[in-house]
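Only this structure's heavy atoms are used, side chains among them; waters, hydrogens and symmetry mates stay out. Computed from a prediction, not measured in an experiment: that's the story for all the values here.
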Amino acid sequence: MAPPQLVANYERLKAEVVNPRADQKTIGQLLTQLKIALTEARLLIPGSNSSLEDLVLTRDVLELGAFWSVRNKDIPAFDRYFSQLQTFYVDYPTQLPPSPREYPLIGLNLIRLLTQNRIGDFHTTLETLPPNVLGENPFIQHPVHLERWLMEGSYNKVWQEREAAPSEEYKFFVDSLMKTIRREIASCEEKAYDSLPLSDAMSLLFFTKQSELMIFAQERGWNVNPSTQIIHFARKTEEKIEIPKQKIIVNSLAYAKELEQIV
């Protein structure tokens, strides 16, 4: 059985998570203490002697930690928590009662895979899910739609789907996905245009505030004319490749002479 202090910290964690005035730093400290206690109690990696109550407690702590990581934009921590949860989701699917946080976290991880362009892993994960979940669960449908529209190049639909996110945590990953999309669009703009009106650039890059566009333009090295409201794209100097004409002529003549000798 889990030690009494571990259980007490677990109850405190649950209370802090639902408290709208909770200090995120306090939650992080509680999670650290709980993970240390779970490791010492040999519960972080469940074994044959782990009770049902201990398994549920450990799974709950890891799930709450995963959500906390996203809220605090700590993606490496989210990856670690989600990786540890696979033991509970994959190895104990029938022994443990269903968790209401499982599919929301799987959906978050699917969007995480999209932000990393890991399309193969994205589809492999989908193949492990039951058909009814694929077709009906809103937390899974959201990343499925995002992936489809990414493949189609329908970036406006990706942006619109952000507002339809099933939870606030999803918006963070969609924002991360939009950063990647903006970089792709910006690269195309730089090649296709010498300049663009600020209003057009805002629409193309899905910015809602001009200040955000100005920061992005500065990062890209674009020149913005405040009076004309025009963005001038910084073009890279085309590299000139010198063709060794004299050498090519000499080699061609030598090759022609050899052909005449063979004939």
Side-chain angles (χ1 to χ4, degrees), residues 1-2 6-7 9-10 13-14 17 27-28 30-147 165-170 172-174 176-177:
M1 293 292 293
L6 192 158
V7 176
N9 282 339
Y10 166 60
L13 174 67
K14 290 197 295 182
V17 166
I27 294 175
L30 278 171
L31 284 166
T32 300
Q33 293 171 11
L34 281 164
K35 289 191 73 173
I36 292 172
L38 288 170
T39 302
E40 291 174 346
R42 297 183 179 179
L43 294 175
L44 202 56
I45 301 177
S48 56
N49 297 327
S50 302
S51 68
L52 178 64
E53 292 79 7
D54 290 344
L55 290 173
V56 171
L57 184 153
T58 305
R59 184 186 66 182
D60 283 356
V61 170
L62 293 174
E63 288 177 336
L64 293 172
F67 278 114
W68 175 85
S69 300
V70 177
R71 293 184 193 117
N72 286 272
K73 302 180 181 181
D74 189 346
I75 305 310
F78 171 80
D79 290 341
R80 290 192 296 271
Y81 278 114
F82 190 80
S83 178
Q84 289 171 313
L85 280 166
Q86 294 314 292
T87 299
F88 299 88
Y89 293 158
V90 177
D91 298 340
Y92 297 88
T94 56
Q95 295 93 322
L96 294 177
S99 168
R101 303 185 192 96
E102 179 177 356
Y103 289 122
L105 284 171
I106 290 175
L108 283 171
N109 186 61
L110 284 168
I111 303 181
R112 167 68 170 151
L113 294 174
L114 289 179
T115 64
Q116 297 174 319
N117 200 29
R118 293 165 58 186
I119 305 302
D121 291 336
F122 178 91
H123 287 285
T124 299
T125 302
L126 290 181
E127 290 170 4
T128 65
L129 301 177
N132 64 309
V133 171
L134 282 173
E136 301 171 8
N137 192 290
F139 296 101
I140 305 302
Q141 281 290 295
H142 184 73
V144 167
H145 290 158
L146 289 175
E147 191 267 345
S167 74
E168 284 298 315
E169 289 82 10
Y170 277 62
F172 168 71
F173 278 121
V174 176
S176 179
L177 193 59

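Within a 6.0 Å sphere centred on CZ of R71, heavy atoms belonging to other residues, nucleotides or ligands number more than 12. Atom CG of L134 has more than 12 heavy atoms from other residues, nucleotides or ligands within 6.0 Å.
In terms of heavy atoms, L110 sits closest to F122 at O-CD1, 3.4 Å. A pairwise comparison of heavy atoms in Y170 and P143 identifies CE2-CD, 4.4 Å as the closest pair. Closest approach of P138 to P166, counting heavy atoms only: O-CG, 4.1 Å. Annotation for T128 and T125: closest pair OG1-O, 2.6 Å, computed over non-hydrogen atoms.
Note that CD of Q116 and CG of D79 are 6.0 Å apart. Values are rounded to the nearest 0.5 Å. Atoms CG and CG, on L38 and L57 in that order, are 6.5 Å from each other to the nearest 0.5 Å. Of the inter-residue distances, the one linking S69 atom OG with L62 atom CG reads 10.0 Å to the nearest 0.5 angstrom. Atom-to-atom distance recorded for S176:OG and I111:CD1 is 10.0 Å, nearest 0.5 angstrom. To the nearest 0.5 Å, the span separating CG on L96 from CG on L55 amounts to 5.0 Å. For the atom pair CG (N9) and CG (L30), the distance works out to 6.0 Å, reported to the nearest 0.5 Å.
Legend: salt bridge (Lys or Arg N to Asp or Glu O under 4.0 Å) pairs involving residues 51-60, not counting sequence neighbours, sorted by first then second residue: D60-R101. Every pair passing salt bridge (Lys or Arg N to Asp or Glu O under 4.0 Å) that includes a residue from residues 120-130 is listed here, sequence neighbours excluded: R118-D121.
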Take I119 and L114 through the test side chain to side chain contact (heavy atoms under 4.5 Å, CB included) and record every step on the way to the result.
CA-CA 6 Å; I119 305 302; L114 289 179; 3.9 Å; yes
V174 vs H142, test: side chain to side chain contact (heavy atoms under 4.5 Å, CB included). Steps then yes/no.
CA-CA 10 Å; V174 176; H142 184 73; 3.7 Å; yes
Between F139 and I106, does the side chain to side chain contact (heavy atoms under 4.5 Å, CB included) criterion hold? Intermediate values first, please.
CA-CA 8 Å; F139 296 101; I106 290 175; over 6 Å; no
Kindly list each side-chain donor-acceptor pair under 3.5 angstrom involving residues 84-91, sequence neighbours excluded, with atom names and distances?
residue, atom, partner, partner atom, Å
Q84, OE1, K35, NZ, 3.3
Q86, NE2, F82, O, 3.1
Y89, OH, E63, OE2, 2.6

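Looking at heavy atoms from C-beta onward, R112 lies in side-chain contact with T115 at the 4.5 angstrom threshold. Inter-residue side-chain proximity for Y81 and L105 is flagged as unmet; no heavy-atom pair is nearer than 4.5 Å.
F78 pairs in a ring pair (Phe, Tyr, Trp, His ring centres under 6.0 Å) with only one of the listed residues (F67, W68, F173), which is F173.
In this view, V133 and Y103, P130, N137, I140 satisfy the side-chain contact (heavy atoms from CB on, under 4.5 Å) rule, not counting sequence neighbours. S167 is linked by a side chain to side chain donor-acceptor pair (under 3.5 Å) to E169, counting only residues two or more places apart in sequence or in another chain. Checked against side-chain contact (heavy atoms from CB on, under 4.5 Å), K73 has the following partners two or more places apart in sequence or in another chain: F172.
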